Peer 1: 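I am attaching a structure below and will ask some questions about it afterwards.
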Amino acid sequence: MRYIKGLVVCALVVLSACKEEEKALAVTWKTSTEDAVWTNKTYSKNTADSKPDATVVVNTTAQQQEITGFGGCFNELGWDALAMVTPDEKQQILNDLFNPETGCKFSLCRMPIGANDYAVDWYSHNETEGDFAMENFSIDRDKKRLIPYIKEAQKINPDVAVWASPWCPPSWMKHSKHYACKANPEFNDLPEEWSSTEELVSRFITEPEYYEAYALYFAKFVKAYEQEGIDISAIHVQNEYNSAQNFPSCVWKPQDLGIFIADYLGPKFEAEHIDSEIWLGTVERPQLERVTDVIEYGNAKKYVDGVGFQWAGKGAIEAVHATYPDMELMQTETECGDGSNDWAAAEYTFNLMKHYFENGANSYMYWNMVLDETGKSQWGWKQNSMISIDSQSKAITYNPEFYLMKHLSAFVAPGSVKIDTNGDDEHAIVFYNEIENTVVILAYNDATETKDFQFNINNEQITTSLGAKSFNTLTVTL
């Protein structure tokens, strides 16, 4: 009898130990440094008695905004760069960006309406002056580059959503009759008398027939793409509506943009039964009133589904989120550097990600996914890209920001939520996937030496050493 009791006690002890073992958090870990990218590491709890260098407290019930996706921009120069490599290499690059199993898993991407600064040259979808009925509207130019680019991505991931924004309306809709707002003899032929960097003054001709024609232009764009089998998920009405550039651009007075949305574009989409959302984007200034002056005009708020931010717009997102807490927000174009494509650029981008997600962003866009080695636009602007292709040697380089984006987008699925954290959390962004019951931690050790990080997740501890200057994605199954 005593022997049987002993067996029962032993069984209970073993069962209890098994249950404790079952409770142990399962952790997968990817890390990247400047010298070794996208490396698998095996997690083993740091059992040293010393106090960790940083402690981040995570409570999965402290849920904030839902995450809707990650992506980049389909640009003409990107497609031309892809044409320089072999078909197999091109396919591999596209897989690395869009494959929903092994790639960056991009699912929400941008495209221009007409030319942007990374187009081959200036064009719009209707340069016939006075064609208010848009009889000469055409997307034939896009069939050469942008539409093939998008369709190749959607072959890999059919769920890739595409949103679109113009850098400039048809040039005849502007007072200057020119695509640029700032003269630059090296890059455009805008007469000096039309060159001005003044803000809050509309370059668009704010007369009813022009407003009506421009609303029709947007409607025709969405419908033309639908005919090509591409749904436009959203229209961001004007790229950087405060910025006069030497490349395609159009400054708007915010109230005039409100008039266009409330009295013309919104009603046009309603009348034509167009499902594409209308967003106020892209905001590139920190002043809250440059957003509210648009949204609060008339019934514009009825039509505005979200607000997109880039560059100095990062200074406005916190106030906009506080003012419109239920409105969806997007980081629309990560600050794209000067063509350095180095580790420092990735460090800078991590801090941008941290800022935007801490202030309510639901999605995050890179800018040029692929460029040649120069990174130059046709208007002299040199920028970073996730992937570079050398036009002479055809060598393909995956730049540090490719891996940083993948550290986030490959693990944080749409539908996940941002988690509010506390403690030493300045170098960590945390998300929770309720369906999979997983916590995803993007952590950056910015020190030049290894540091011990402790993550307290619902009172369970993950303690490990993160390498010097390393990006780390820890996926914790609860």
Side-chain angles (χ1 to χ4, degrees), residues 28-32 36-40 67-111 118 142-163 228-231 233 334 336 341 346 349 353 363-373 375 384-391 393-416 433 436 440 442 471 473 475:
T28 60
W29 181 6
K30 281 279 188 186
T31 187
S32 293
V37 294
W38 208 245
T39 303
N40 286 315
I67 304 306
T68 54
F70 303 91
C73 189
F74 297 108
N75 284 330
E76 287 194 330
L77 291 186
W79 185 249
D80 280 2
L82 284 168
M84 296 191 298
V85 296
T86 69
D88 285 347
E89 289 171 328
K90 176 180 174 181
Q91 190 61 50
Q92 185 61 58
I93 290 170
L94 292 168
N95 280 330
D96 288 338
L97 292 167
F98 296 103
N99 189 287
E101 299 298 329
T102 60
C104 289
K105 305 183 183 181
F106 282 175
S107 61
L108 179 61
C109 286
R110 183 182 193 178
M111 69 164 295
Y118 275 78
D142 290 1
K143 294 176 182 177
K144 298 176 184 177
R145 295 180 179 87
L146 295 180
I147 289 174
Y149 200 171
I150 294 166
K151 286 194 170 184
E152 287 301 314
Q154 291 183 332
K155 282 181 189 176
I156 298 167
N157 179 4
D159 294 328
V160 171
V162 179
W163 62 273
E228 295 297 319
I230 298 169
D231 292 329
S233 64
T334 201
C336 36
N341 289 315
T349 298
M353 290 173 169
S363 52
Y364 197 97
M365 303 293 110
Y366 197 76
W367 176 221
N368 279 294
M369 295 179 283
V370 186
L371 286 176
D372 70 16
E373 80 284 3
N384 293 346
S385 59
M386 294 176 66
I387 299 167
S388 299
I389 299 174
D390 191 285
S391 56
S393 68
K394 315 305 180 190
I396 300 165
T397 303
Y398 287 70
N399 297 316
E401 285 176 286
F402 169 87
Y403 294 101
L404 174 58
M405 284 296 295
K406 191 173 182 181
H407 266 286
L408 194 62
S409 63
F411 299 99
V412 181
S416 301
N433 185 325
E436 298 181 359
V440 176
L442 175 59
F471 297 116
T473 303
T475 304

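What you are looking at is a predicted structure, and each value in this text was computed from that prediction instead of being measured. Computed from heavy atoms alone, side chains included, the values below leave out hydrogens, waters and symmetry copies.
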Peer 1: For Asn341, does its backbone N or O pair with a side-chain atom of Asn384 as donor and acceptor, under 3.5 Å?
Peer 2: yes
Peer 1: Once ring pair (Phe, Tyr, Trp, His ring centres under 6.0 Å) is applied, do any residues pair with Phe402, and if so which ones, sequence neighbours excluded?
Peer 2: Tyr398
Peer 1: Could you tell me if the side chain of Cys104 sits less than 4.5 Å from the side chain of Met369, heavy atoms only?
Peer 2: no
Peer 1: Do any pairs count as a salt bridge (Lys or Arg N to Asp or Glu O under 4.0 Å) and have a residue in residues 83-111, sequence neighbours left out, and if so which ones?
Peer 2: Arg110-Glu333
Peer 1: Taking the side chain from Ser233 and the backbone from Val162, do they hold a donor-acceptor pair closer than 3.5 Å?
Peer 2: yes
Peer 1: Restricting to side chain to side chain donor-acceptor pair (under 3.5 Å), what partner residues turn up for Thr31, sequence neighbours left out?
Peer 2: Asn472
Peer 1: Is the shortest side-chain heavy-atom distance between Asn75 and Leu371 below 4.5 Å?
Peer 2: no
Peer 1: Return the set of residues passing side chain to side chain donor-acceptor pair (under 3.5 Å) with Lys394 (not counting sequence neighbours), or none when no residue passes.
Peer 2: none
Peer 1: State, with a plain yes or no, whether a side-chain heavy atom of Thr102 is found less than 4.5 Å away from one of Asn95.
Peer 2: no
Peer 1: Suppose we screen for side chain to side chain donor-acceptor pair (under 3.5 Å). Which residues come up paired with Ser416, at least two apart in sequence or across chains?
Peer 2: none
Peer 1: According to salt bridge (charged side-chain N to carboxylate O under 4.0 Å, His left out), who are the partners of Lys143, at least two apart in sequence or on a separate chain?
Peer 2: Asp140, Glu228
Peer 1: I'd like to check the ring pair (Phe, Tyr, Trp, His ring centres under 6.0 Å) partners of Tyr403; sequence neighbours left out, ordered by chain and number.
Peer 2: none
Peer 1: Could you tell me which residues satisfy ring pair (Phe, Tyr, Trp, His ring centres under 6.0 Å) with Trp79, sequence neighbours excluded, listed by chain and number?
Peer 2: Tyr149
Peer 1: Taking side-chain hydrogen bond (donor to acceptor under 3.5 Å, both in side chains) as the criterion, tell me which of Asn399, Asn368, Thr397 meets it with Ser388.
Peer 2: Asn399
Peer 1: Check the orientation of His407 and Trp38. Use parallel for under 30°, tilted for 30 to 60°, and perpendicular for over 60°.
Peer 2: perpendicular
Peer 1: Would you list the pairs meeting ring pair (Phe, Tyr, Trp, His ring centres under 6.0 Å) in which at least one residue belongs to residues 83-103, sequence neighbours left out?
Peer 2: Phe74-Phe98
Peer 1: Could you work out, with side-chain contact (heavy atoms from CB on, under 4.5 Å) as the rule, every residue matching Ala395, not counting sequence neighbours?
Peer 2: Asp390, Ser393
Peer 1: Just to verify, what does Ser363 make a side-chain contact (heavy atoms from CB on, under 4.5 Å) with, not counting sequence neighbours?
Peer 2: Thr68, Leu108, Met330, Met365
Peer 1: I'd like to check Leu442 versus Val412 (side-chain heavy atoms, cut-off strictly below 4.5 Å). Are they in contact?
Peer 2: no
Peer 1: Once side chain to side chain donor-acceptor pair (under 3.5 Å) is applied, do any residues pair with Ser391, and if so which ones, sequence neighbours excluded?
Peer 2: Glu373
Peer 1: For a side-chain hydrogen bond (donor to acceptor under 3.5 Å, both in side chains) with Thr334, tell me which candidate from Trp367, Tyr364, Tyr366 qualifies.
Peer 2: Tyr364
Peer 1: Under the criterion side-chain hydrogen bond (donor to acceptor under 3.5 Å, both in side chains), which of Thr39, Asn40, Thr473 is the partner of Lys30?
Peer 2: Asn40
